[in-house]
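First comes the structure, then the notes that go with it.
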Amino acid sequence: MTTADSHTTHDALEDPRNADIKIYVNGALKHRSEAMVSVYDSGFMLGDGMWEGMRLYDGVWAFFEEHMDRFFNSCKAVSLDVGMDADGIFDALEKTRAANGMETDVHCRLMLTRGVKVRPFQHPSLSRSGPTLVIIMEHSKPVDRLQSAGIRLATVPQVRGLPMSQDAKYNSHSKLNCVIACLQAEQAGADEALMLDPHGFVNTTNACNFFIVRRGEVWTSTGDYCMNGVTRQKVIDLCRADGIPVFERNYSLYEAYGADEAFLTGTFGAQTPVASIDGKPIGDGTRPVTTRIRDLYKADVAEYVAARR
């Protein structure tokens, strides 16, 4: 059951402008109340599709190239024809942004499915009319309280599976695995789920990548069983460039419980501190390394934006 003080890493300030946003659906811009896809769409019917989350800073889509690299790799891996190149995607993003008069503090969800089926069955060949491309942009600024309060995690029974079942590197529409984990955490009285890999090592949360700080070192999972997040990789690269020891390695809950700090990474919240895991407080609340990494990341975004304005 959700409690009154529960949070998610996607908590955002309410913005009345979102009531009238226009959404891109296969080239057309429609008011959110009229933006729809067919019940025969393969995304609705089967979760057959890929998506990307991106953020707009001062008119620039941050780390667009990395997001497109992941998006097109994922689509190729499941034989999903995007129907356009990265420049086409960029043009669609800009068309949607202009229609909404958006400039900064904007979050975008880019979604591509295999398209409308001729019959309501699984086989991909039944999707014959081409892909469905939807772009949702919202005015979306993370709430400040998460930076002080932090997120409460609960370890859950639901794990991130082996690549031969459903590779977690796919940013697919099929998110039931993560939804189940989120429900398990919520029912345990936490905000989000800390998921283990098939071997019992700490892996990721249901929505974000997970890091701990121990004795001045930053640890994260090997990346074999989690979404290889763009922000995750930026944090690893920034640590290396700034002389912060960082390791992609297997580690257990033993190390996580005893961490000095822990934080989550994602496109929306950047770096979100973790307050507790399974009811055990993490660190003393000062979080000096997390703060340092946040500052490095903000500077990296600012440099990226300035170079493209």
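What you see is a predicted model, and the numbers here were worked out from it, not measured in a lab. Heavy atoms only: backbone and side chains are in, while hydrogens, waters and symmetry mates are out.
Checking Lys117 against Ser127 by side-chain atom types alone, a donor-acceptor pair falls below 3.5 Å. For the 3.5 Å distance criterion, the side chains of Asn250 and His199 fail to qualify, holding no donor opposite an acceptor. A donor-acceptor pair shorter than 3.5 Å can be found between the side chains of His67 and Glu52. Remark: the Thr290 side chain and the Glu261 side chain contain an N/O donor-acceptor pair separated by less than 3.5 Å.
The cationic atom of Arg308 (NZ for Lys, CZ for Arg) lies less than 6.0 Å from the six-membered ring centre of Tyr304 and within 45° of the ring axis. The side-chain tip of Lys280 points at the ring of Tyr257 from less than 6.0 angstrom away and within 45° of straight on. Figure legend: cation-pi geometry between Arg55 and Trp61 absent, as NZ or CZ is not positioned both under 6.0 Å from the six-membered ring centre and within 45° of its axis. In this structure, Lys234 forms a cation-pi arrangement with Phe63, its terminal cationic atom sitting closer than 6.0 Å to the ring centre and no more than 45° off the ring axis.
By the 4.5 Å heavy-atom criterion applied to side chains, Glu94 and Arg97 are counted as neighbours.
No salt bridge links Asp81 with Arg114; every basic N to acidic carboxylate O contact stays at or beyond 4.0 Å.
The salt bridge (Lys or Arg N to Asp or Glu O under 4.0 Å) search around Arg214 returns none, not counting sequence neighbours.
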* May I have the step-by-step check of ring-ring contact (aromatic ring centres under 6.0 Å, His included) for Tyr251 and Phe201, ending in yes or no? => CA-CA 5 Å; Tyr251 62 94; Phe201 295 112; 8.4 Å; no
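Separating the CG atom in Asn177 from the SG atom in Cys182 is a distance of 11.5 Å, to the nearest 0.5 Å.
Proximity of a side-chain donor or acceptor of Asn100 to a complementary backbone N or O of Met102 within less than 3.5 Å is not detected.
You'll find the ring centres of His173 and Phe44 outside the 6.0 Å limit.
Test Leu264, Thr204, Thr220 against Arg232 for side-chain contact (heavy atoms from CB on, under 4.5 Å) and you get one pass: Thr220.
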Going by atom type alone, with no hydrogens or angles, which donor-acceptor pairs under 3.5 Å involve a side-chain atom of residues 153-161 and a protein atom two or more places apart or on another chain?
residue: Thr155; atom: OG1; partner: Asp278; partner atom: OD1; Å: 3.3
residue: Thr155; atom: OG1; partner: Asp278; partner atom: OD2; Å: 2.7
residue: Arg160; atom: NH2; partner: Thr205; partner atom: O; Å: 3.2

